Number of protein chains: 2
Amino acid sequence: MARTPQDITDAELAVLNLLWERGRSTVRELTDVIYPGGSGSHYATVQKLLERLEGKACVKRDREPWPHEFESTIRREELIVRRLQATADKLCHGSLEPLLTQLVRNQTLSAEDRQSLRGLLDELDVEAKTSEK
Amino acid sequence: MARTPQDITDAELAVLNLLWERGRSTVRELTDVIYPGGSGSHYATVQKLLERLEGKACVKRDREPWPHEFESTIRREELIVRRLQATADKLCHGSLEPLLTQLVRNQTLSAEDRQSLRGLLDELDVEAKTSEK
DNA sequence: ATTCTATGAGACGCAATGTCTTTACGTCAA
DNA sequence: TTGACGTAAAGACATTGCGTCTCATAGAAT
């Protein structure tokens with residue numbers, strides 16, 4: 001069984017999380033937050049992580065300003081969905097429904113929560129019906 | 001940033017999935033399914049994976065019969081919840097609610113998925129009503 | 001007894017990942 | 001222009017996770 005590398009590693013995620021918070025940033029700005037009072041090599045570490053994120057199409061580099069500025073090209077929500085799907089693939093033959101079941105069972109939802117959830121489901125039903133013709 | 005090992009690896013998961021399907025099994029039975037016509041060393045591979053799963057308290061070994069029989073001590077649902085929580089920890093400061101939102105918004109939910117979710121919500125309504133008095 | 005299979009401990013090797021080094025380059029102040 | 005300083009870019013390096021494999025020993029069966 002071949003080993004499958006992680007899509008986005010923890011260190012990379014730390015950078016992405018910061019980009020989501022701060023928006024467009026330089027390597028230095030990110031480094032100073034992730035490694036406060038960090039040495040010179042930490043700068044290179046963050047740079048490498050950004051480079052790898054760029055390779056994974058999760059980050060876009062703007063070479064126009066100097067120093068370069070980085071920006072995430074993936075939204076947090078997209079990554080959430082990606083991870084959910086990965087979990088479903090490995091544990092539920094790709095079906096997301098069991099995840100939903102566990103989440104609903106596990107979380108204490110108020111009556112209002114349940115109602116609004118039903119509303120959302122109704123919306124989805126309508127969308128499905130209108131798009132199928 | 002220290003590297004965090006995966007809780008359960010893909011190869012280990014393949015074994016667990018089989019145990020969930022078949023129930024209590026011997027090493028040979030599992031090996032013959034995972035590596036059909038596999039060589040002798042594949043047997044040892046499965047054995048090692050079981051040993052590691054045992055160390056992670058996901059599998060119980062019964063030394064009484066011969067050959068030994070293995071059984072999973074964790075349910076698929078527990079593992080799902082664990083992975084969901086891990087995703088929430090890394091992407092949502094530990095909150096599961098954003099996962100739920102994404103799952104429901106995601107149009108990959110089939111009509112049947114939506115129906116079964118409604119059923120689940122109904123169950124929760126009943127539980128809430130009976131426990132509130 | 002011998003022969004087959006199972007067990008158990010450990011070695012091995014590749015690759016992923018976080019880190020660090022080095023060299024070249026751009027920008028600005030004197 | 002030159003020197004100083006921060007940045008860019010490429011790549012080397014160390015650790016270790018993880019799947020695999022070897023071998024020595026033990027139990028069962030014929």
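Hydrogens, waters and symmetry mates are skipped; everything else that's a heavy atom, side chains included, is used. These numbers were taken from a predicted model, which means no experiment stands behind them.
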Determine whether the side chains of A:T101 and A:E97 contain a donor N or O and an acceptor N or O closer than 3.5 Å.
yes
Shortest non-hydrogen contact between A:I80 and B:P98, atoms and distance
CD1-CB, 4.3 Å
Which ring pair (Phe, Tyr, Trp, His ring centres under 6.0 Å) pairs, counting each pair once, include a residue from residues 74-97 of chain A, with sequence neighbours left out?
none
CD of A:E12 to NZ of A:K56, rounded to nearest 0.5 Å, is 3.5 Å
How many angstroms lie between CG in B:L91 and CG in A:N17, if you round to the nearest 0.5 Å?
6.5 Å
Residues within residues 41-59 of chain B bordering DNA chain D, heavy-atom distance below 4.0 Å:
B:S41, B:H42, B:A44, B:T45, B:K48, B:R52
If you take all heavy atoms of B:S72 and B:L19, which pair is closest and at what distance?
N-CD1, 4.1 Å
Got a donor-acceptor contact below 3.5 angstrom from the B:T73 side chain to the B:A57 backbone?
yes
Look at the side-chain N and O atoms of A:H68 and state whether any lies under 4.0 Å from the OP1 or OP2 oxygen of D:dT7.
no
Enter the inter-axis angle for the ends of the helix from C:dA1-D:dT30 to C:dA30-D:dT1 (five pairs per end, rounded to 10°).
0°
Sorted by chain and residue number, the side-chain contact (heavy atoms from CB on, under 4.5 Å) partners of B:D89 (sequence neighbours excluded) come out as B:Q85
For DNA chain D, what residues of residues 3-24 of chain A have any heavy atom nearer than 4.0 Å?
A:R3
Exactly one candidate in A:V59, A:V33, A:I8, A:L49 meets side chain to side chain contact (heavy atoms under 4.5 Å, CB included) with A:V15; the answer is A:L49
Below 4.0 Å: OP1/OP2 of C:dG8 and any side-chain N or O of B:R63:
yes
So does B:R28 get a side-chain nitrogen or oxygen closer than 4.0 Å to the phosphate oxygens (OP1/OP2) of C:dT7?
no
Check the distance between C:dT5's P and B:E29's CD and give it to me in whole angstrom.
15 Å
Sequence neighbours excluded, every pair satisfying ring pair (Phe, Tyr, Trp, His ring centres under 6.0 Å) that has a member inside residues 38-75 of chain B
B:Y35-B:H42
